[in-house]
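This report refers to the structure that appears directly beneath it.
In what follows, chains carry the letters A, B, and so on, assigned in the order in which the sequence lines appear, proteins first and then strands, with residues in each chain numbered from 1.
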Amino acid sequence: QEKVQQSPESLIVPEGAMSSLNCTFSNSASQSIWWYQQHPGKGPEALISIFSNGNKKEGRLTVYLNRASLHVSLHIRDSQPSDSAVYLCAVSANYNQGKLIFGQGTKLSIKP
Amino acid sequence: GALVYQYPRRTICKSGTSMRMECQAVGFQATSVAWYRQSPQKTFELIALSTVNSAIKYEQNFTQEKFPISHPNLSFSSMTVLNAYLEDRGLYLCGARDISYEQYFGPGTRLTVL
């Protein structure tokens, strides 16, 4: 069974600084890795996904994937108070299925 | 845009009773629907995955007898929690996937069991 671990459990970052979140997974054959943002009282919302080794950038978000070390990280540049939320890392075991394995989440707080 | 609605948003039921929750995909055709549960202090666990034209597949620790699911068309799914007890409380999420494999989640149904 695939395992997904996130760190840190919670993170406080000053407004305008870089937020860095980490995720490790147990199966190098995992297909896609997704990052979701969840605000209180709402369902998770997809932010960015990555499939290939290397990095991917979308706006203020950059994600790095290293399959050899089973590690993926999410970096939020110029963090804003509206970025405060729980961030979930999710791994898709099989691209043809809708099954995602979620990490336990990182609670990010951006301080003005 | 693609949206997923879930109903009800919150529900309370007495121990030993059952409750039904619904999931509606709007703005896209859902090729698969996954039901997850987030129990207190835990992350999201997959309950079952329902794909069009395939049998519903339940994960270990979850059964059709306890969580029967209906997926009659590409935009609607419902799940019932039968004989609910304290350990069934939590946030139940519906995730619907479109043809580009992106998964959209609803806001969840929060179940409290008394």
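- Follow the hydrophobic side-chain contacts under 4.5 Å out from B/M79 and you reach B/F62 in the same cluster.
- Judged by distance alone, the side chain of B/Y104 and the main-chain N or O of A/A46 form no donor-acceptor pair under 3.5 Å.
- With a 4.5 angstrom heavy-atom cutoff, A/I101 does not touch chain B via any of its atoms.
- In this structure, the portion of B/E59 lying under 4.5 Å from any heavy atom of chain A is its side chain and not its backbone.
- Between chain B and the options A/S49, A/G43, A/G105, the largest number of non-hydrogen pairs under 4.5 Å is found for A/G43.
- The closest donor-acceptor contact from the side chain of B/R110 to the backbone of A/G41 lies at 3.5 Å or more, if one exists at all.
- Residues A/L100 and B/F105 are in side-chain contact: their nearest non-hydrogen atoms beyond the backbone lie under 4.5 Å apart.
- Heavy atoms from other residues, nucleotides or ligands lying under 6.0 Å from CD of B/E87 number more than 12.
- Note on A/Y64: it does not cluster hydrophobically with A/L108, by side-chain heavy-atom contacts below 4.5 Å among ILVMFWY residues.
- The environment of CD in A/E15 is crowded: more than 12 heavy-atom neighbours from other residues, nucleotides or ligands sit within 6.0 Å.
- We find the CG-NZ distance between B/L46 and A/K99 to be 6.0 Å, quoted to the nearest 0.5 Å.
- Between B/F44 and A/Q38 the shortest side-chain heavy-atom distance falls below 4.5 Å.
- The number of heavy atoms from other shown groups lying within 6.0 Å of CG (B/L114) is above 12.
- Contacts between B/R10 and chain A at a heavy-atom distance below 4.5 Å are absent for every atom of the residue.
- Hydrophobic cluster membership differs between B/L49 and B/I69, with clusters built from Ile, Leu, Val, Met, Phe, Trp and Tyr side chains linked at under 4.5 angstrom.
- Around the NZ atom of B/K42, the shell of radius 6.0 Å holds no more than 12 heavy atoms that belong to other residues, nucleotides or ligands.
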Practice item. Before giving the answer on side-chain contact (heavy atoms from CB on, under 4.5 Å), spell out for B/E102 and A/W34 the whole-Å C-alpha distance, their side-chain angles and the decisive distance to 0.1 Å. Key: CA-CA 10 Å; B/E102 180 149 359; A/W34 293 80; 4.2 Å; yes

